[in-house]
Amino acid sequence: MARTQKNKATAHHLGLLKARLAKLRRELITPKGGGGGGPGEGFDVAKTGDARIGFVGFPSVGKSTLLSNLAGVYSEVAAYEFTTLTTVPGVVRYKGAKIQLLDLPGIIEGAKDGKGRGRQVIAVARTCNLILIVLDVLKPLGHKKIIENELEGFGIRLNKQPPNIGFKKKDKGGINLTATCAQSELDNDTVKSILAEYKIHNADITLRSDATADDLIDVVEGNRVYIPCIYVLNKIDQISVEELDIIYKVPHCVPISAHHRWNFDDLLEKIWDYLQLVRIYTKPKGQLPDYTSPVVLPFSRTAAEDFCTKIHKNLIKEFKYALVWGSSVKHNPQKVGKDHVLEDEDVIQIVKK
């Protein structure tokens, strides 16, 4: 690919190569079924709390110190690399939500190919709702690129929305491409050649935005996860104030000092923004609402039905209607059905049959 000029005539050929590369990468990630080894040391941790955050970074950038000081859990800290060997969990309570923090072992270049148990580390990172990439402020940018590369190679897309491409396999009828807006990179032949690489010859494809070949490959592969990500620049006690002002302008970035506990409140606030959690307070009949322990729902599932399922799966069968106070309704209180979408800090009272 590096040897090929990039122009319209070669776009088709580059698309083919990209597809082939993505396919080979996927085979690396999911090795063809080999002999079953004995059960090894488990790496993943049971999911608890309302959201899950993974710390990813090189060895010795202060991930364990950050966990110890944020969550009050002791994760071993020492002056040599790879102190942390397995995942260390911790829980932090913020605005009534329980957020699970995972201190993952450091990853190194080549982790996506299995170096330094990198595969297991990134596999745990895939299950998180938010990834914190912890960088050393004295040598950030090269490291940031390497870590992004490792995660991208494993099918994690950081701070991106899924591409707006409709893809549907069929039994017959060839490849049917419809684009609702002008395409700068993909044309009919490129799309056909990329799909032929995956042995797909009959499909409906709708391009609803100006997409690249990589976007199409992501959709066809179908195993990509889209996770928000914050870059945490650690060890700011070692730089000057002028440098700090420059760092503050970088997007998705929070400078902190884990050792001195500087700027933790800013980090937690940013984490809260990126997680997009919705707090719902409950109100028993004839009593004041309970503002101490909200029910926390993810931003994508905030209907009254999801709220019931979160409490107990049998509650929805007895659900008659709910009374809601808050910003999602016009009148306070308002009777709503199970499809009503709740907003942050609403108060709800459920009436059973």
Side-chain angles (χ1 to χ4, degrees), residues 1-2 17-18 21-22 24-31 43 53-67 75 77-88 101-128 130-160 212 214-215 217-218 221 223-236 238-239 243 246-247 249-258 267 270 274:
M1 277 170 78
L17 292 178
K18 276 182 181 166
L21 196 66
L24 293 168
R25 278 213 184 114
R26 186 192 56 198
E27 281 169 13
L28 276 177
I29 293 174
T30 52
F43 214 79
I53 298 177
F55 295 168
V56 177
F58 276 90
S60 295
V61 290
K63 296 188 292 295
S64 299
T65 317
L66 181 58
L67 179 79
S75 178
V77 179
Y80 55 88
E81 303 194 327
F82 290 110
T83 323
T84 312
L85 292 174
T86 62
T87 313
V88 181
L101 306 174
L102 297 183
D103 175 21
L104 300 170
I107 61 173
I108 48 177
E109 203 168 348
K112 64 176 186 291
D113 310 322
K115 263 195 197 158
R117 295 199 74 183
R119 249 196 224 157
Q120 290 98 318
V121 177
I122 303 180
V124 177
R126 268 182 77 112
T127 65
C128 296
L130 170 68
I131 291 179
L132 293 190
I133 293 186
V134 186
L135 301 164
D136 190 334
V137 82
L138 299 173
K139 40 185 179 188
L141 285 173
H143 281 184
K144 174 172 176 258
K145 273 273 179 296
I146 294 173
I147 290 176
E148 279 173 353
N149 255 343
E150 300 299 319
L151 296 178
E152 294 259 322
F154 214 82
I156 297 176
R157 300 282 175 267
L158 301 173
N159 287 331
K160 272 191 198 163
T212 61
D214 292 326
D215 290 342
I217 290 169
D218 282 354
E221 285 268 358
N223 60 357
R224 306 293 192 238
V225 286
Y226 295 85
I227 304 179
C229 155
I230 298 175
Y231 303 105
V232 179
L233 293 176
N234 192 10
K235 309 189 183 176
I236 55 169
Q238 298 174 9
I239 60 167
E243 288 171 299
I246 299 169
I247 287 170
K249 293 176 182 145
V250 183
H252 309 301
C253 227
V254 182
I256 62 157
S257 169
L267 175 65
K270 195 134 190 168
Y274 278 63

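In what follows, residues are counted from 1 in the order of the sequence shown.
- For Cys128 against Ile53, the heavy-atom pair with the smallest separation is SG-C, 4.0 Å.
- Considering only residues two or more places apart in sequence or on other chains, Asp218 meets the salt bridge (charged side-chain N to carboxylate O under 4.0 Å, His left out) condition with Arg157, Arg224.
- Residues satisfying the side chain to side chain contact (heavy atoms under 4.5 Å, CB included) test with Lys18, not counting sequence neighbours, are Met1, Glu185, Ala213, Asp214, Ile217.
- The distance from atom OG1 of Thr127 to atom CG of Leu102, rounded to the nearest 0.5 Å, is 7.0 Å.
- For the atom pair OH of Tyr231 and CG of Asn159, the computed distance is 6.0 Å after rounding to the nearest 0.5 Å.
- Residues satisfying the side chain to side chain contact (heavy atoms under 4.5 Å, CB included) criterion with Ile227, sequence neighbours excluded, are Ile131, Ile156, Val225.
- When every heavy atom of Tyr274 is checked against every heavy atom of Cys229, the shortest pair comes out as CE2-O, 3.6 Å.
- Here the shortest heavy-atom pairing between Leu130 and Pro228 reads CD1-O, 3.3 Å.
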